**Q** 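I am attaching a structure below and will ask some questions about it afterwards.
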Amino acid sequence: MRIEIATLFPEMCEAVLSASIIGRARAKGAITVNCHQIRDYTTDRHNRVDDSPFGGGMGMVMQAQPVYDCWKAVCAQLGQRPHTIYLSPKGTTLTQKKVVELSKMPMLFLLCGHYEGVDQRVLDKIVDEEISIGDYVVTGGEMPALVLTDAIARMCENVLPSAECYEEESHFSGLLEYPQYTRPECWEGECVPPVLLSGHHKNIAQWRREQSLAITRERRPDLWELWTKCQNKE
């Protein structure tokens, strides 16, 4: 898996992507993530990459030329056109199903917008899909790109110790995850459910399944309804 991130703040992305599990995965070559400074591709002598919007309004809009030239340069480096994603609050909401789908692609190009967004003309020319990480707005596309990169990278081979590390987590199966506990056995008067101390793997698996079902039904009725429909079709 290779992910190319086009941004005005590569140092911000590198700080996150060089740490923890993703940082170790990059260091050992399990995944490749490169951050590209869009400002390096501007033809403006003042390194300007934005201008005021036609039609008026607050803020500035990122210009098409530096974004397009950055994308073309990456395509030339790769020797092919990567699947291109624009992180946008107008995009399709990110789900675990989409993460799994993207994790199977060999190369991704993630475009981080900023200010009031990006000139629509370059989006129409290079973007394959727009993705949102939720129904809210942040100051730029960097945080959404990092979320997406992290979610995809941990699905890739040799990033986590085994597939079990993510297969039982929330959303992977369509359900929310069961509660987790660790030592000490009792804390502040609350003790770990006895079944988890029994060593009976079948009973533990059944308890975890029941907890996942109950939590999903209580907290995410939308997921519960979708999961139920899927079960009925099988």
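Note that the coordinates shown come from a computational prediction; the quantities given were computed from them, not determined experimentally.
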**Q** Would you say CD of Gln180 has more than 12 non-hydrogen atoms from neighbouring residues, nucleotides or ligands within 6.0 angstrom?
**A**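 Check passes, neighbour count above 12.
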**Q** Does a sphere of radius 6.0 Å around CD in Gln120 hold more than 12 heavy atoms from other residues, nucleotides or ligands, not counting ones at 6.0 Å or beyond?
**A** yes
**Q** Between Arg39 and Asn47, is there a donor-acceptor pair closer than 3.5 Å when you use the side chain of the first and the backbone of the second?
**A**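 Looks like yes, one N/O pair under 3.5 Å.
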**Q** Drop me the distance from Cys75's SG to Met107's CE, to the nearest 0.5 angstrom.
**A**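 The distance works out to 10.0 Å.
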**Q** Determine whether Arg2 and Met105 make a side-chain contact, defined as any pair of heavy atoms from C-beta on separated by less than 4.5 Å.
**A** no
**Q** If every non-hydrogen atom of Pro193 is compared with every non-hydrogen atom of Trp207, which pair is closest and at what distance?
**A**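 Scanning both residues, the minimum pair turns out to be CG-CZ2, 3.8 Å.
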**Q** So, for Ala64 and Asp119, which heavy atoms are closest and what is the spacing to 0.1 Å?
**A**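 Result for this residue pair: N-CB, 3.9 Å.
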**Q** Verify the neighbour count for atom CD of Glu190: are there more than 12 heavy atoms of other residues, nucleotides or ligands below 6.0 Å?
**A**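 No, the 6.0 Å shell around CD holds no more than 12 heavy atoms from other groups.
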**Q** Honestly curious: do Ile85 and Val16 fall in one hydrophobic cluster under the side-chain, below-4.5 Å linking rule?
**A**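 Yes, one cluster joins them.
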**Q** If you measure from OG1 on Thr84 to CD1 on Ile126, what distance do you get to the nearest 0.5 Å?
**A** 5.5 Å
**Q** What's the spacing between Tyr68 OH and Leu123 CG if we round to 0.5 Å?
**A** 13.5 Å
**Q** Can you name the side-chain contact (heavy atoms from CB on, under 4.5 Å) partners of Glu14, sequence neighbours left out?
**A**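 Here the qualifying residues are Ser18, Arg26, Cys35.
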**Q** Between OG1 of Thr216 and OH of Tyr178, what distance do you get to the nearest 0.5 Å?
**A**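 Separation between the atoms: 12.5 Å.
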**Q** Taking CE in Met12 as the centre, count heavy atoms belonging to other residues, nucleotides or ligands within less than 6.0 Å. Is the count above 12?
**A** yes
**Q** Rounded to the nearest 0.5 Å, how far apart are CE of Met143 and SG of Cys13?
**A** 9.0 Å
**Q** Whether the side chain of Thr149 engages the backbone of Leu146 through a donor-acceptor N/O pair (distance < 3.5 Å, no angle test) should be reported.
**A**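 Side chain of Thr149 to backbone of Leu146, a donor-acceptor pair under 3.5 Å: no, none is there.
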**Q** Would Leu176 end up clustered with Tyr181 when hydrophobic side chains under 4.5 Å apart are linked, directly or stepwise?
**A**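 Cluster IDs for Leu176 and Tyr181 differ.
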**Q** Mind checking whether Gln77 and Lys72 have side chains closer than 4.5 Å, heavy atoms only?
**A**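 Contact flag for Gln77/Lys72 side chains = no.
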**Q** Can you tell me if Lys28 uses its side chain to pair, donor with acceptor, with the backbone of Asn158 under 3.5 Å?
**A** yes
**Q** Determine whether Glu210 and Gln206 make a side-chain contact, defined as any pair of heavy atoms from C-beta on separated by less than 4.5 Å.
**A**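 Yes; the side chains approach each other to less than 4.5 Å.
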**Q** Is the NZ atom of Lys90 crowded by more than 12 outside heavy atoms at less than 6.0 Å?
**A** no
**Q** So do Ile21 and Arg154 actually touch side chain to side chain, heavy atoms under 4.5 Å?
**A**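 Counting from C-beta outward, Arg154 and Ile21 never come under 4.5 Å.
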**Q** Got Leu111 and Leu87 here, is their nearest side-chain heavy-atom distance under 4.5 Å?
**A**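 Leu111 vs Leu87: side chains apart.
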**Q** Starting from the C-alpha separation in whole Å, work towards a yes-or-no answer on side-chain contact (heavy atoms from CB on, under 4.5 Å) for Lys98 and Glu129.
**A** CA-CA 11 Å; Lys98 171 57 71 171; Glu129 64 178 316; 3.1 Å; yes
**Q** Taking the six-membered ring for Trp and the single ring otherwise, decide whether the centroids of Tyr41 and His36 are under 6.0 Å apart.
**A**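 Ring-ring flag for Tyr41/His36: false, centres at least 6.0 Å apart.
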**Q** Would you name the heavy atoms of Ile22 and Ala153 that are closest together and state the gap between them?
**A** CD1-CB, 3.6 Å
**Q** Begin with the C-alpha distance, continue with both residues' side-chain angles, and end with the deciding distance and a verdict on side-chain contact (heavy atoms from CB on, under 4.5 Å) for Cys70 and Asp40.
**A** CA-CA 8 Å; Cys70 177; Asp40 290 344; over 6 Å; no
**Q** Is there a chain of hydrophobic side chains (I, L, V, M, F, W, Y, each step under 4.5 Å between heavy atoms) that links Tyr115 to Val67?
**A** yes
**Q** Once you measure the plane-to-plane angle for Phe109 and Trp71, does it fall in the parallel (<30°), tilted (30-60°) or perpendicular (>60°) bin?
**A**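 Rings of Phe109 and Trp71: perpendicular, as their planes differ by over 60°.
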**Q** With distance as the sole test, does Arg220 use its side chain to make a donor-acceptor pair with the main-chain N or O of Asp222 at under 3.5 Å?
**A** no
**Q** Measure across Gly140 and His114 and return the closest heavy-atom pair with its distance rounded to 0.1 Å.
**A**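 So the two residues come closest at CA-ND1, 3.3 Å.
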**Q** When you group the ILVMFWY residues by side-chain heavy-atom contacts below 4.5 Å and let the links chain together, are Leu226 and Val99 in the same group?
**A** no
**Q** With no hydrogens and no angle check, is any side-chain donor or acceptor of Thr42 less than 3.5 Å from a backbone partner on Arg48?
**A** yes
**Q** Can you give me the closest heavy-atom contact between Pro53 and Gly57, atom names plus distance?
**A**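 Shortest heavy-atom contact: CG-O, 4.0 Å.
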**Q** Taking Tyr136 as the starting point, is it possible to reach Val147 by hopping between hydrophobic residues whose side chains are less than 4.5 Å apart?
**A** yes
**Q** Under a 4.5 Å cut-off applied to non-hydrogen side-chain atoms, are Val127 and Val122 in contact?
**A**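 No; the side chains remain at least 4.5 Å from each other.
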**Q** Roughly how far apart are Ile31 CD1 and Met1 CE, rounded to 0.5 Å?
**A** 9.0 Å
**Q** Would a distance-only check, ignoring hydrogens and angles, find a side-chain to backbone donor-acceptor pair under 3.5 Å from Ser212 to Leu175?
**A**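 Judged by distance alone, no pair lies under 3.5 Å.
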**Q** Under the criterion side-chain contact (heavy atoms from CB on, under 4.5 Å), I'd like the reasoning laid out for Val61 against Asp50: C-alpha separation, chi angles, the key distance, then a yes or no.
**A** CA-CA 5 Å; Val61 176; Asp50 63 331; over 6 Å; no
**Q** Does Glu101 form a salt bridge (Lys or Arg N to Asp or Glu O under 4.0 Å) with Lys97? I'd like the steps, not just the answer.
**A** CA-CA 6 Å; Glu101 176 188 323; Lys97 181 179 179 181; over 6 Å; no
**Q** A side-chain contact here means heavy atoms from C-beta on lying under 4.5 Å apart; do Thr92 and Ser132 qualify?
**A** no
**Q** Using the side chain to side chain donor-acceptor pair (under 3.5 Å) rule, take Glu4 and Asn34 through it: C-alpha gap first, then chi angles, then the decisive distance, then the call.
**A** CA-CA 5 Å; Glu4 310 288 334; Asn34 298 310; 3.1 Å; yes
**Q** With a 4.5 Å cut-off on side-chain heavy atoms, are Leu110 and Leu148 touching?
**A** yes
**Q** Would Val192 and Trp187 count as a side-chain contact (heavy atoms from CB on, under 4.5 Å) here? Give the steps.
**A** CA-CA 9 Å; Val192 175; Trp187 178 79; over 6 Å; no
**Q** Which pair of non-hydrogen atoms, one from Gly113 and one from Val118, has the smallest distance, and what is that distance?
**A** CA-CG2, 3.9 Å
